[in-house]
Amino acid sequence: IADYAAWRTISGSSISDDGRWVTWGYSRVRGDDTLHVEALDSDAAHVIAAASEAQLSNDGAWVAYFISPPFLEEEKLLRDGETVTRQAGLLELATGERFTWDDASSFGFSEGSSHFFVKKRKTNEDTEHDGTSLILRNLREGFEELIGSVGEAEFNEGGTHLAFTVDAAGNDGTGLY
């Protein structure tokens, strides 16, 4: 079909728990995704190029998302057998301030949005351990901490604690924290 490359898709729509924000992805076949974030109670809107998989914080103050390389660059990397990496992005909805982290594999918010984490992807598949770096950002105070060799991580139900496993080289510090 000649028009196939012009087709568009809306996907990944969500509404914040407080009902003030809506997100959706706008995709093109063989093109870059665009993430739209719009306020339902004002004219505030954010458009984020090459972004997808949005997650709104439960207090509606933040949105996190993945940022992919431009489609043609990603296609070339795949064709050349190279690894395609993504960034994690974080947007404070009230101010429009944005943060990004390279080589992201996952991210998550604490309940109440006091903290946010980004888990990095495993860069060396030949290592015997699976732990990677995890960046923990204090959203209220604006500082970050680096936790090394994290296997898995999750905030507790109240958002007051981060539980994580360590899977390090030589089992150094390996365990549940």
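- Using a 4.5 Å heavy-atom cutoff, the side chains of Ile48 and Leu91 are in contact.
- Using a 4.5 Å heavy-atom threshold, the side chains of Leu139 and Phe109 count as touching.
- Ile135 and Phe107 fall within a single hydrophobic cluster, where Ile, Leu, Val, Met, Phe, Trp and Tyr are joined by side-chain heavy atoms under 4.5 Å apart, directly or via other members.
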Does the side-chain contact (heavy atoms from CB on, under 4.5 Å) test come out yes or no for Asp102 and Thr85, once each step is laid out?
-> CA-CA 8 Å; Asp102 293 334; Thr85 63; over 6 Å; no
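- For Glu152, the CD atom counts as loosely surrounded, since its 6.0 Å shell holds 12 or fewer non-hydrogen atoms of other residues, nucleotides or ligands.
- A donor-acceptor pair under 3.5 Å is formed between the side chain of Asp32 and the backbone N or O of Phe71.
- Taking 4.5 Å as the limit, every side-chain heavy atom of Glu73 sits out of range of all side-chain heavy atoms of Lys76.
- Between atom CD1 of residue Ile67 and atom CG of residue Leu35 there is a gap of 9.5 Å, rounded to the nearest 0.5 Å.
- Side-chain contact check for Val37 versus Leu93: some heavy-atom pair is nearer than 4.5 Å.
- Thr23 is not listed as a side-chain neighbour of Ile15, based on a closest heavy-atom distance of 4.5 Å or more.
- Residues Leu77, Leu78 make up the rest of the hydrophobic cluster containing Val84, defined by ILVMFWY side-chain heavy atoms closer than 4.5 Å, directly or through other members.
- In this structure the side chain of Lys122 reaches within 4.5 angstrom of the side chain of Thr127, judged on heavy atoms.
- Between Phe116 and Phe99, the distance from one ring center to the other does not fall under 6.0 angstrom.
- Looking at heavy atoms from C-beta onward, Val22 lies out of side-chain contact with Ser16 at the 4.5 angstrom threshold.
- Summarising the geometry, atom OH belonging to Tyr65 is positioned 7.0 Å from atom CG belonging to Leu90; distances are rounded to the nearest 0.5 Å.
- The closest side-chain donor-acceptor pair between Thr9 and Ser27, if any, does not fall under 3.5 angstrom.
- Nearest heavy-atom pair across Ala153 and Leu162 is CB-CD1, 4.1 Å.
- Minimum heavy-atom separation, Asn58 to Gly112: OD1-N, 2.8 Å.
- Checking side-chain atoms of Lys120 against main-chain N and O of Trp101 turns up no donor-acceptor pair under 3.5 Å.
- Each ring-ring contact (aromatic ring centres under 6.0 Å, His included) pair with one or both residues in residues 119-163, not counting sequence neighbours, appears once here: Phe117-Phe155.
- Screening residues 91-100 for side-chain hydrogen bond (donor to acceptor under 3.5 Å, both in side chains) gives Glu92-Thr95 as the qualifying pairs, with residues at least two apart or on separate chains.
- Note that the NZ atom of Lys119 and the CG atom of Leu136 stand 14.0 Å from one another [nearest 0.5 Å].
- Sorted by first and then second residue, the side-chain hydrogen bond (donor to acceptor under 3.5 Å, both in side chains) pairs involving residues 36-53 (not counting sequence neighbours) are Arg20-Asp41, Glu53-Arg86.
- Rounding to the nearest 0.5 Å gives a distance of 13.0 Å between CD of Glu74 and CD of Glu82.
- Rounded to the nearest 0.5 angstrom, Asp130 CG and Thr174 OG1 are separated by 10.5 Å.
- A side-chain hydrogen bond (donor to acceptor under 3.5 Å, both in side chains) check over residues 103-113, counting only residues at least two apart or in different chains, returns the pairs Ser57-Ser113, Asp59-Ser113, Asp103-Arg121, Ser110-Ser114.
- Between the CG atom of Asp167 and the CG atom of Asp172 there is a distance of 11.5 Å, given to the nearest 0.5 Å.
- When side chains are defined from C-beta on, Leu40 does not count as touching Trp21, because their heavy atoms never get closer than 4.5 Å.
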side-chain contact (heavy atoms from CB on, under 4.5 Å) assessment of Ser133 paired with Leu146 | CA-CA 7 Å; Ser133 296; Leu146 177 66; 3.7 Å; yes
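- By the ring-ring contact (aromatic ring centres under 6.0 Å, His included) test, Tyr26 is found to be paired with no residue, residues two or more places apart in sequence or in another chain being considered.
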